[in-house]
Each structure stands twice: as structure tokens, then as C-alpha cells.
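All remarks here apply to the structure that follows.
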Amino acid sequence: MSKNTTVYIDQLKHHVGQQVTLQGWLYNSRASGKIQFLILRDGTGLCQCIVEKGNVPDELFERIKHLGQESSLKVTGTVRADERSLGGHELAVTDAEVICPAEGYPITPKAHGVDFLMKHRHLHFRSQRQWCIGKVRHTVVDAIRRFFNDNGFVLIDTPIFTTVVGEDQTSLFEVDYFGRPLHLTQTGQLYLESAAMSFGRVYCFGPTFRAEKSKTRRHLTEFWMVEPEVAFIDLPGLLELAENFVTYIVRRVLADNRGELESLGADIALLERIQPPFYRLTYTETVEILKGDKTRDFLARELAELKSEKQQTESRIAELEQQQSGQIKQWQKDKIAAELIELRSALAELDTRIENNPTHAQLAAEFPWGKDLGGSDETIISRMHDKPVFVTHYPKEAKAFYMRTDRANDKVVENFDMLAPAGFGEIIGGSVREDDYERLLARIHAQGLDPGTHDWYLDLRKYGSVPHGGFGLGVERTLAWITGEKHIRQCIPFPRMMDKVYI
RNA sequence: UCCCCGAUAGCUCAAUCGGUAGAGCGAGCGGCUGUUAACCGCUAGGUUGUAGGUUCGAGUCCUACUCGGGGAGCCA
């Protein structure tokens, strides 16, 4: 008899006026005597469900009233459009079935600390912020695959257990492989180069592992990286590929996840400006900028801004504290308390930035040509620009053995990093590869590496060597930049950090 | 490996000069027919991270440790 259809919340707009059933979890609820507002989530979105006394049996009305957060249930009712409701649609409930009542759900709709949320990661997924980031991550990953698949690239799955060392031995996880030491991959690049000589354009996409002892908001020990590798390409060609690639990802997210970006508070205007060409600087130009007046003035201005921001925050805190001790209503006190908590944590961050500013200024001013750019240096350059910046031609000594020496200046290599704008920093690192057998062998020796383990890699330069290159893009860093999320650990479902694995 | 900050109720945080440990949220009960982190009233909830020290008296001061946060180096 029932022509009742079970639908997902994101399809409600197609069912206005119809009777439907939703299945999901109770995200939040408010009761007001004879009317209740249930916020239901079902994985596709949130929907406010209105339960009015008289429209459902009294017994059910009472039962729903005492349902805890995250109880699972089915609700049936009529879909109607209503501006007052989030999403613009709501359900006038006529019936409901509790599947599993929940009591004492630990993550309340109020504020929680990072450590608490990380320890409850398995539940934290259900929160709006994590849900939005997960949806954007899905789009980013799909856009990555689509871009390469649609542009003639062939997917090559490179091994996780590796015998070769891409960069620095100390940053590798060693595993006992039936008594023989192997390493978890930190790049698929060397294998990919061999594949590029077969397919021309290839890419690999998977998890990668770094044992660096880095405890910052930009580091994970396990993260996802996509690496294209192209035969017959030069540095300008690689930069063009990278900027088209990043632009494509950003456009896809803008098209598919505008609601999520808004909800996350991402800088949409900034994302809309992302289009080729990106800025191009050489390492030498970058060092000159860092040591020059522009950077000094920029940091001084930033310090002044931070200080005035701090002063404003402090006086606002004092003002609120004053109000708090006066005779006011309870709800006003709550509001003030919530604002105070926010202001105090903002103040702590301002203090850190004020404290770091002179150090960063000194590091930049005294930057010696030849050193690799530090995190703070990248942040400075990145903050000075409103679009991504390519930094190219780093000193040979600071870089990996496989990067191609610039034939016009043998102190530098034909490599590049791409810095995301507005302070997020590096999201891509890449290079043209050394294609000359003798030069590559010399570099292997110079860096104290074992030529024996690189036999097969050297072979690629023996049999029809061609100019080729590629780069690696960090998925979580890209995601953090796009979503405006401060910490990379929020951008992967189960983060693995130095010395810390929660679940 | 180094530097800075922190640990008080299930959660987020207060506690002035060293003087009996407080709010809100959440939980429980009651009220309210349009709420948007709803609101109002009542109830329960604590060995102040651990170990020692100073003191008539320590959440507060000192030492060590444990755990957590941020940053440097290095990197996607």
C-alpha cells in the first residue's frame, strides 16, 4: 500500500510534497514543548525534521524526545521547502522508527580539544567539518586521476617495499623483509622513470612514507602522493603541466564542493583566482628577495599588524571580562565565555607568530646561497603572492642525485618546488632528471651512494636515454591549502604522525 | 635532537596576593508550538597528570618525570 520511498537527504529537492523515509543518525535535537526539531544526517547531508505533537502517536513523541545524539533511526514524513531550515528543505514527520538508541555520545556540539578529538577519530568522522573535508578529498583524488587519465598518462603502480633510496636514508622506514632489510617507499619516481621509457607519460598514486622527525602542522609520516613522469619534457614543460594540473584540481573542487568550501570557511575568492600562469622565480632570485628590503619590510609590516591585532584581542578580552562580572543574563554570560575561549586561543597563536617573526626575519636576512629553503622562507615567499609560486634552479649540493644539472650553470639543477599561496607553503616538488650516464654516475659517487644498487637505474641512461622529468604532489597538503584547514592531520582519515598513532 | 607553552568535573575553561574548588556544555528531571551550538528552572558530577619538596596552609611556589600542543632542522 505504501508508496513510501526511502531517499537520501541530497535528493529531497526532487520530492517536495511527497511522503518519503530518511535513514540516518540524530545529529542534534531541540525540543520546545509540543514541537521538536531533529537534525538528521545520512551521509549525504543534514535535514531538519519537525515532530509536532498530534502528528505522531504520543508515545513515539515522548520516545523521540529522549533520544540521545547519534541514535540511528528512520523517519517518515512529508518533504516541504522552508527557508528557515538548513538546506532549504525539511521533513514534517508522521512516523519514526528507532534503530539503535545512543546515550552519552562523547563528542558534543560544543568545542573540543585536538587530543580529545584525535582519540575519538572513529566518531569524529561524523562531525560536519570532517565530513566536508572528506568530501573535498574525494573530489581532489578523483580530479587527480581524471586529469592524468584524460591526458594520455598511464597509471603505473610502483612498489611499497623498495630496494632503492630516493632521497635521504635517514628518512626511510626500514622493514624486515624475510631477514633482508627493505624500505617503505618514499617516492615511486625511480621506478616510474623506467616505466616512462615504455609508456611515455605515466603516473603513480599511493601512500608514501617518511621517517622524518618532523612535528609540525605540515607533516605526516604516512601521506598520499601522486607523481607524474614524462619522457621528452623540459623544465618549462613540467611547470606548464604542474600549473594546469593544480588549476584543474581547484576548478573541480570549486564546481563540486562549493557548499563544503563555504561551510569550512575556505577562501573561495582566492581559489577562483587560481589559473595559469603561476609566478616563476629562480632560487637565486628567491634568495635575493629573502635577503632584500622587500622581505624586511614585509615582515616588519606583518609584525606591526600582528602586534596591533594582539592589542585589539587583549582589549576585547578585558572588555568581555569586565562585562562578565557585571549583572547580566545567563545566556549573555555563555556567549561571552564562548567568545573568550576563542579569543584566548587566537591570542596564543598571535603570540607564537610574534615570537617567531624576528627569528624568521633573521633566517631570511642571513640566508646563505647554497642552503635549501626552510619552512619559514617558503612561508614568507608564499605569503607575498596571491597565486602559487614556482621556485626553480636550486643549488646542486642541496638536492638529490638524480636531478639534472643545468648545462648553463653547473652549480644548480633543473628542479622546482611549487608553493601554495597565502602562507601554506610547498605542495609540489619536482625536477628534470639527469639523463647523461657519466654525469649521473658521478653524482651517485659524489653523494656516497652505492652504484651497485643503482645499476638498473643507470641502465635507463644507457639504452635510449631521453630528456625526462616529473614531480610529486602531496594530497593532504593540497587539501589543507584548498580547504583552509590549518593542520594536515585533519586532511587524512587516520593520520600517522611522528611518535603518534591514535587508532 | 633542540627551543617555547600547557595538563583542574565526561567536554571546554575559570579560580585575584599561597587561604574552604567554580561556570557553561553534556547527562537526569520539569517547562515552553518555529528552534538554528535554542532558551528557562532543579539534580548529580572532583585524590586539580604522577612523585617528591617548601609552608601553619599548595590548583597556585620549587625539582624530577609522564602525556599533549606549537616551532626549528628536514621534507610532499
Side-chain angles (χ1 to χ4, degrees), chain A residues 27-39 46 48 50-55 66 68-69 82-86 90 103-120 128 166-168 170-171 186-187 208-227 321 324-325 329-331 333-338 340-342 344-345 348-349 351-353 355-356 359-360 363 371-376 378 398 400 417-420 424-430 471-481 486-488 498-500:
Chain A
Y27 190 67
N28 198 6
S29 67
R30 288 178 284 275
S32 176
K34 299 191 176 83
I35 185 167
Q36 295 180 51
F37 302 93
L38 310 180
I39 308 295
L46 298 177
Q48 174 162 277
I50 315 296
V51 188
E52 285 183 66
K53 201 159 188 171
N55 288 359
H66 293 99
Q69 198 188 336
D82 194 311
E83 282 180 4
R84 293 171 294 186
S85 208
L86 79 172
E90 61 181 27
E103 264 177 64
Y105 185 69
I107 303 177
T108 66
K110 302 285 169 175
H112 296 280
V114 173
D115 192 40
F116 178 81
L117 290 175
M118 278 298 165
K119 281 176 177 155
H120 292 84
Q128 271 303 285
E167 321 252 330
D168 177 17
T170 59
S171 68
Q186 57 172 187
T187 170
T208 202
F209 308 86
R210 304 271 167 101
E212 291 148 12
K213 296 225 179 355
S214 303
K215 229 181 80 174
T216 81
R217 63 181 73 178
R218 287 207 292 266
H219 287 88
L220 294 169
T221 52
E222 176 183 316
F223 63 95
W224 281 64
M225 181 160 74
V226 57
E227 299 174 85
E321 278 171 344
Q324 208 176 26
S325 58
K329 295 234 157 118
Q330 186 59 52
W331 70 269
K333 282 194 181 180
D334 293 353
K335 228 177 139 178
I336 288 171
L340 275 174
I341 290 167
E342 231 165 85
R344 287 198 181 107
S345 91
E349 191 169 332
D351 273 333
T352 310
R353 287 181 62 184
E355 197 183 311
N356 285 338
T359 318
H360 291 172
L363 280 172
K371 210 185 84 173
D372 208 346
L373 293 179
S376 65
E378 287 179 353
D417 280 353
M418 197 191 93
L419 312 181
F424 195 81
E426 182 176 352
I427 61 172
I428 286 182
F471 59 83
L473 171 129
V475 170
E476 291 78 15
R477 283 189 178 181
T478 304
L479 203 50
W481 163 54
K486 283 204 182 67
H487 206 300
I488 194 172
M498 173 197 154
D499 288 343
K500 204 168 334 124

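Values below: all heavy atoms of this structure, side chains included; hydrogens, waters and symmetry mates excluded. Below, chain A is the first sequence line, B the second, and so on; all start at residue 1. For clarity, every value in this text was computed on a predicted model and none was experimentally measured.
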Can you run through RNA chain B from 5' to 3' and write each base as (, ), [, ], | or . depending on how it pairs? Watson-Crick or G-U wobble, both distances under 3.5 Å. (((((((..((((.....[..)))).(((((.......))))).....(((((..]....))))))))))))....
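Scanning for side chain to side chain donor-acceptor pair (under 3.5 Å) contacts around A:Ser32 gives an empty result, with sequence neighbours left out. Residues satisfying the side-chain contact (heavy atoms from CB on, under 4.5 Å) test with A:Glu378, not counting sequence neighbours, are A:Leu373, A:Asp417, A:Leu419, A:Glu426. A:Lys119 pairs by the salt bridge (charged side-chain N to carboxylate O under 4.0 Å, His left out) definition with A:Asp115, not counting sequence neighbours. With sequence neighbours excluded, the residues that form a salt bridge (charged side-chain N to carboxylate O under 4.0 Å, His left out) with A:Glu90 are A:Arg80. With sequence neighbours left out, the salt bridge (charged side-chain N to carboxylate O under 4.0 Å, His left out) criterion links A:Arg30 to no other residue. A:Glu476 meets the salt bridge (charged side-chain N to carboxylate O under 4.0 Å, His left out) test with A:Arg137; sequence neighbours excluded. Partners of A:Asn55 by side-chain contact (heavy atoms from CB on, under 4.5 Å), not counting sequence neighbours, listed by chain and number: A:Glu52. Residues passing the side-chain contact (heavy atoms from CB on, under 4.5 Å) test with A:Lys215 are A:Met498, sequence neighbours excluded. The side chain to side chain donor-acceptor pair (under 3.5 Å) test applied to A:His112 returns A:Thr108, not counting sequence neighbours.
In the region residues 474-481 of chain A, proximity to RNA chain B at under 4.0 angstrom, judged on heavy atoms, holds for A:Gly474, A:Arg477.
Remark: the A:His219 side chain and the B:C75 base include a donor-acceptor N/O pair separated by less than 3.5 Å.
Among the atoms of the strands shown, base atoms are found under 4.0 Å from some heavy atom of A:Phe223.
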Would you mind building the protein contact string for nucleotides 26-35 of chain B? One character per nucleotide, 5' to 3', B for base within reach (heavy atoms under 4.0 Å), S for sugar-phosphate only, - for untouched. S--S--BBBB
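Spacing of P atoms, B:A64 relative to B:C74, comes out at 30 Å, to the nearest Å.
Not one side-chain nitrogen or oxygen of A:His120 sits closer than 4.0 Å to the OP1 or OP2 atom of B:C11.
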